[in-house]
Amino acid sequence: MKIIMLGPPGAGKGTQAKRIAGFYGIPHISTGDIFRANLKGGTPLGMEAKKYMDQGLLVPDDVTVAMLLKRLEEPDCAKGFVLDGFPRTIPQAESLKEALAASGKHIDFAINVDVPDEVIIDRMGGRRACVSCGSTYHIAYSPPKTEGRCDVCGEALIQRDDDKPETVGKRLDVYHEQTHPLIEYYEKDDVLDNVDGTRPMDEVFDHIIELLS
Ligand code: ADP
Ligand code: ADP
Ligand code: ZN
């Protein structure tokens with residue numbers, strides 16, 4: 001099963017993608033997580049990505065596509081995957097389609113997690129992240145068992161620099177301009193499904209599983 005998660009930053013794509021991946025035993029691939037891991041490791045890719053991420057802008061398509069396609073060549077992707085945060089532009093979607101088509105494959109589902117901008121601001125403000133293992137929390141809606149510590153690995157939780165209010169507005173603008181057109185793109189491919197992302201996490205997940213089954 002090859003699945004794409006669509007939706008604005010902070011819609012709950014990552015939250016749901018992790019659960020879908022666990023449910024079907026397929027990898028969860030987040031381009032944001034890969035960039036942040038590179039940043040933490042101080043790699044050239046990380047340094048390059050940081051220039052854009054800090055400003056709430058997208059990392060250029062060539063860099064992002066090359067990185068993602070390389071990841072899809074790993075053996076664990078053979079039985080499918082959940083893409084979270086990719087594609088984010090029409091050219092990225094086209095590159096993905098071409099690469100899959102080269103081996104007779106295609107995307108099976110594009111799940112659009114629909115959440116209005118007002119809700120996004122609240123979600124991003126309360127999001128806390130573990131840079132070690134990629135787990136995500138919300139101070140009100142999904143708090144860790146011990147304040148400020150990751151339930152999974154015990155590391156200190158951080159507020160991402162790009163989740164601060166100054167950057168969130170920019171990221172939403174970028175979403176509306178560059179990423180939102182993908183909804184129509186996947187609608188035309190007849191693989192789009194919408195879910196109401198303002199519902200509680202468990203309900204959103206149940207709805208997604210219903211659509212995928
Ligand atoms: P969120 O989960 O809030 O949507 P991500 O972790 O997916 O945020 O992405 C964080 C940042 O990483 C983005 O603002 C962007 O700078 C960069 N990024 C992630 N995925 C992509 C992509 N597919 N294309 C370009 N930039 C990306
Ligand atoms: P994305 O990957 O789309 O950027 P996340 O999965 O990181 O979004 O979720 C953004 C924030 O909102 C996180 O703090 C997360 O815990 C919280 N969140 C996710 N889904 C829901 C939901 N259905 N209701 C309330 N809060 C949610
Ligand atoms: Zn952790």
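Read the numbers this way: they start at 1 and go in the same order the structure lists the ligands and their atoms. Residue numbers count from 1 along this sequence. All values derive from a computational prediction rather than experimental measurement. Below, each value reflects all heavy atoms present in this structure, side chains not excepted, and no hydrogens, waters or symmetry copies.
A salt bridge links Lys97 and Asp189; the closest N-O separation between the charged side-chain nitrogens and carboxylate oxygens is under 4.0 Å. Arg19 has a carboxylate O that lies under 4.0 Å from a charged side-chain N of Asp202, or vice versa, which qualifies the two as a salt bridge. One finds a salt bridge joining Arg36 and Asp33 here, because a Lys/Arg side-chain nitrogen approaches an Asp/Glu carboxylate oxygen to under 4.0 Å. A salt bridge is absent between Lys51 and Asp54; no separation between the charged side-chain nitrogens and carboxylate oxygens falls under 4.0 Å. No salt bridge links Glu74 with Arg71; every basic N to acidic carboxylate O contact stays at or beyond 4.0 Å.
Ligand 2 has at least one atom lying under 4.0 Å from a heavy atom of Arg199.
Counting heavy atoms from C-beta on, the side chains of Leu83 and Phe86 come closer than 4.5 Å.
Judged purely by distance below 3.5 Å, without hydrogens or angles, the side chains of Asp84 and His28 pair a donor atom with an acceptor atom. Between the side chains of Asp61 and Thr89, a donor-acceptor pair is found at a separation under 3.5 Å.
The minimum heavy-atom distance between Lys2 and Leu100, with the atom names listed, is CD-CD2, 4.3 Å.
Against a heavy-atom cut-off of under 4.0 Å, Tyr137 is close to the following atoms of ligand 2: 13 (C), 14 (O), 16 (O). If you number the atoms of ligand 2 from 1 as listed, the ones under 4.0 Å from a heavy atom of Pro200 come out as 23 (N). The ligand atoms of ligand 2 that sit less than 4.0 angstrom from a heavy atom of Tyr141 are 25 (C), 26 (N).
Within the protein, the N, O or S atoms lying under 2.8 Å from the Zn ion (ligand 3) are Cys130 SG, Cys133 SG, Cys150 SG, Cys153 SG.
The 4.0 Å heavy-atom shell around ligand 1 contains residues Pro9, Gly10, Lys13, Thr31, Gly32, Phe35, Arg36, Met53, Leu57, Leu58, Val59, Thr64, Gly85, Phe86, Arg88, Gln92, Arg127, Arg160, Asp162, Arg171, ordered by chain and number.
The backbone N or O of Gly46 sits less than 3.5 Å from a side-chain atom of Thr43, completing a donor-acceptor pair.
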Inset, instruction - Quick one: do Met67 and Leu45 satisfy side-chain contact (heavy atoms from CB on, under 4.5 Å)? Show the steps, please. - result: CA-CA 9 Å; Met67 176 183 89; Leu45 176 66; 3.5 Å; yes

